[in-house]
Each structure stands twice: as C-alpha cells, then as structure tokens.
Number of protein chains: 2
Amino acid sequence: MSTEPVWPGELFADLDRSGPIPLYFQISSRLERAIRDGIIPAGARLENEIAIGQHLGLSRPTVRRAIQELVDKGLLVRRRGIGTQVVQARVSRPVELTSLQEDLTRAGHHPSTRVLSLDRIPADEEAAQRLRVAAGTEITRIRRLRSADGTPMAILENLLPPEYADITRDDLETHGLYEMLRARGISIKIANQTIGARRTHSDEHELLDLAKGSPVLTMDRVAFDQGGSVIEAGHHCYRPDLYSFETTLVSR
Amino acid sequence: MSTEPVWPGELFADLDRSGPIPLYFQISSRLERAIRDGIIPAGARLENEIAIGQHLGLSRPTVRRAIQELVDKGLLVRRRGIGTQVVQARVSRPVELTSLQEDLTRAGHHPSTRVLSLDRIPADEEAAQRLRVAAGTEITRIRRLRSADGTPMAILENLLPPEYADITRDDLETHGLYEMLRARGISIKIANQTIGARRTHSDEHELLDLAKGSPVLTMDRVAFDQGGSVIEAGHHCYRPDLYSFETTLVSR
DNA sequence: CCGCTGCATTTGTCCTAACAATAGCACGAA
DNA sequence: TTCGTGCTATTGTTAGGACAAATGCAGCGG
C-alpha cells in the first residue's frame, strides 16, 4: 500500500531544548496538529523511531514516548515489524476533563449562563453520600441554565462542599464553575461519570424549551482532587437533539 | 496523614521472567488486583520506585511503567517530591472496547440474545457512508434483542461490510458479534462512539417493554481494524432504567 | 512568632544500550 | 507451483544512569 515513509522534519525546526516544556510533548503536539491538519495524510507511514530520533537529535525513548501519546489518543497505530501509521479512521475528540463551557467556546459557539438558584442548604442523605460529608452539613447548591447562541442546551445542578461557600452569582455567570475552581488553585485529578437518559422532571421542559416528558441525556459526575477529597458533585441534563458525548476507544 | 509506605512484596514472589508476559504487566495486574481487593487500602502510600525495583530485582523504568498503567486507569496518583498513593475515590470500570455480552457476563448476569432479523441489503446513502463502501453495495444487517435474566435491555442494530456475509443466526445467538469476529482473527483497534438519547421508534417500545415514546439511551459506534478498514457500524438503544455508561476520567 | 534558606526525598525527563518478537520478503527445495 | 527457511526491518521490553524539578521539613534569622 504505502511505500515511502514520511517525516516532515521542517515542523520540528524550533524545538526548545532548555525550556520547561518536555521534548516529547513538543514533538507529540506538533505531530498531532500536522495529522489533524492533513499535512500528514491518513494512512501515511512514519519513519522508524530510530531514524526520527537521528533527524531530531533525540534518543529513541523520547521519540517513542511522543508517538505513544498519539497512539493513546487513537491518531497513530503501531505494528511490530511493520512500522507506525496514521489511522484512516476519523477520530473524534474524546470525553475529557473539561467543562461544557470550554467545549462550546472551542467549537466556536457563544455560550451563556443564567444562574437559576444559588443556596446553602443542609445536605440530605443522598447529597451527603455523594460529597462524602455528614448528613446535615451546610453545602452549596447551584442550578444553572446553559445556552449556546441563545438556545437553551442544558440544566446544570452542582453541589459543592462547605469550603466553597463564598462563590457569587457573578463568578458563575462570567467564568464557569471549573474555571473558577482552577483560579483558586483547585485542580481536578479524577472524575467518575455516569451517562444515562430519563424524562424531564418538573420545570425542566420549560427551561429547555421541550415538550413535557420528553427525553433528556443526563450526566452525573463526582470530581476529586489529588488527595481524594470531593470537589464537586453534579447532575446535568442535556437536550438530546443538541448535545451528545463522543469517545474514541483504543484497544491495547 | 500517611507515614509508612507499604509494599506487599509477597504478592510478587512468582514473577515469570522468561515467559511471554511482560514484567511490567505482571506487576501492574497484580498490583491492580491488590488495590481492588483492598489489600492495599485507599490512601496508602507506595514505596518509591527505586526501592520497589530493588525488592523485585527490576530496574526503575520497568517499575515506573507498571505504575503508569495504573495511573492511567485512575487507581494511583503520583506527585513529585511526595510519592505514589492509592486514590481515595472509588473508581468505576471505564467504557472499554468490550461488548455488552461480556459486560453482563462479568457482572454475573445471564445474558441472552434473540436475533430479530438478519438480511443482506444494498447499502443506502447513510449506511454506505458509515461503512465506507459505495452506495448499493450488498451489506449485512443484523437486528437483535439483548436480555439479561429474561428482562429485555437493549436493541442492537449492526451493519457489516460485504466480507462478513456468511454469519448465521446460530453464531449470533450463542457467541455474540464481537466474540465471533475475534474467532475469525478480526481484531478491533479503534472505535468511535457517540452516546445520546431519543424517544423510542416504531416497535422499540414493545420489544423493550416500555411505554410508547419513552426515552432510550443510544450508542452509535463505528469500529476499525488496525489497517483502518471498517469492521462494523452499530446503532444500539438501551433501556435507561437498566443501563448506563460509566467512565473514569484522569487529568494529565 | 514568622518567614526564609537549604537539604533530603521523590517523581519527571532524557540518555545509551541491548536483546526479543513479529511481519514481510526473497529465495530455494520439494 | 508451493511451502518453508532464513534475512531484514521495525517495534516491544528491559536495564542502568544522570540530572531537573517539586515538595516537605528542619533550622536559622529577623
């Protein structure tokens, strides 16, 4: 099929060998862009790892690690004895640890948020269990309506443990919840998500501009920091005609 | 919090240094089981990488790679200057490249499958695009009803390219589609999935024992082999009260 | 008491080196 | 022709070493 291996060496002319950005990351990110932009076409075979290393003045492990990053993302496929190829399949962006706000902005839409409610309430049994606090603890409950270009897309309900009691409506309307947490130095390491479906409840159909009892796509998430403390527990519901979750799975 | 690092060395007494199973994999799988079984408790700190290597007679890169596997799965967290810890969060099984059949069996249920239809039809515009074949090509269409312990759970519609035209109803009822493809030496490398929700169509509510027009959870998938050829395109719909998708996300 | 400096610990990155395992191909024997 | 054998190319695994960067802590000075 393919004969000549390719290597667009000119893309890697300006590697920063002294800066703080790891070399393997500089390579993998440049390579990813080249593949996504079609500069390296689907199905093309890359040069072998040692030759790439010689072009760039790098060792094989470093090159190998850069390639591994893209294999994990599903952009490249390696086969022993054969080489490394760009996958033919169009890969979609995986479900990542980003917020809906950021997803939409990146897609070129104009997201807006209306804070429906923001209260401090004692945790009931279920909320206490999800946030890993004692029942009755004062927690913060947020309910927001997220729209894109004026069309309502999702209702976001989030529960926060007591230590984030001082957030304001303004923060939420302008910056998004995750962005705000990051600004406080809180970084999310792990999140467990469950995706499902159900009918609309109570006032949800009005907010989302749907018929009463129509289906919504739901996502429940509990997010943890590196120490294992719960940062946030959310229950979101999305208009299924406007939103879906995409994943790319790679076997190993 | 934690003071003494732990290392249950007795779990690693029988490493097979000559067999075909990589050492890093032997370590990571034993370690994973120890964590999931609670032998190493949540929050425990592991010994540092060099010390572990000395216990096992292995080099640091090998130990490091084993640990990395579990970090990617969300079971461990590493911090520079601190060490490696077992995460506090309970991790759920991620969405993997396995079939529903296997998921259910592993969960201790008794799955059964009824083949509703199995035909060869000319590909319409949409099917042709998903399978990357010319419109009008003869393809195989399968429609199955999957139940667990007698309760209907999902309707599975799959399209197969022309080369798999010789499968039989028996194959599908006893072995499951993916198991059957594997038996032919077909291995799936990459799959793109989209998860969404909609109302039931036509006869779906009867098959799934739901009210007419109730919500279903949907999953569309296109699976590719290592060469980028399409193996299968599926549209599945699930009873949302019995099925959901779980994911664990790890930031990097 | 508070803050700063320096040290020890630990993971993060990068290097060189070697051998194993697999796939494809050319070539030769039956 | 056809099958197998061996060669070559390429990735997979493992080793061992070096330095960088981040974290926590003890000790010191203000």
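Chain letters run A, B, ... following the sequence lines, proteins first, then strands; residues in each count from 1.
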Sequence-distant partners of Phe12(B), ring pair (Phe, Tyr, Trp, His ring centres under 6.0 Å), two or more places apart: Trp7(B)
Take atom [atom1] of [X] and atom [atom2] of [N], then tell me their distance rounded to the nearest Å.
X	N	atom1	atom2	result
Arg65(A)	dT11(D)	CZ	P	19 Å
Leu58(A)	dT16(C)	CG	P	9 Å
Glu69(A)	dC14(C)	CD	P	11 Å
Arg80(A)	dT10(D)	CZ	P	15 Å
Leu23(A)	dC14(C)	CG	C1'	8 Å
Ile50(B)	dT9(C)	CD1	C1'	10 Å
Arg17(A)	dA20(D)	CZ	C1'	16 Å

Mark yes or no for a side-chain to base donor-acceptor pair under 3.5 Å between Arg60(A) and dG12(D), with no hydrogen or angle criteria applied. yes
Quick one: label [X] by what it contacts on the DNA or RNA (base, sugar-phosphate, nothing), any heavy atom closer than 4.0 Å.
X	result
Arg79(A)	sugar-phosphate
Pro22(A)	sugar-phosphate
Ser59(A)	base

Using side-chain contact (heavy atoms from CB on, under 4.5 Å), reason through Glu69(B) and Glu32(B) one step at a time and then give a plain yes or no. CA-CA 9 Å; Glu69(B) 297 271 318; Glu32(B) 175 171 359; over 6 Å; no
Please report the end-to-end axis angle for the helix from dC1(C)-dG30(D) to dA30(C)-dT1(D), five pairs per end, rounded to 10 degrees. 10°
For dT10(C) and Arg78(B) - does any side-chain N or O of the residue sit under 4.0 Å from the phosphate oxygens OP1/OP2? no
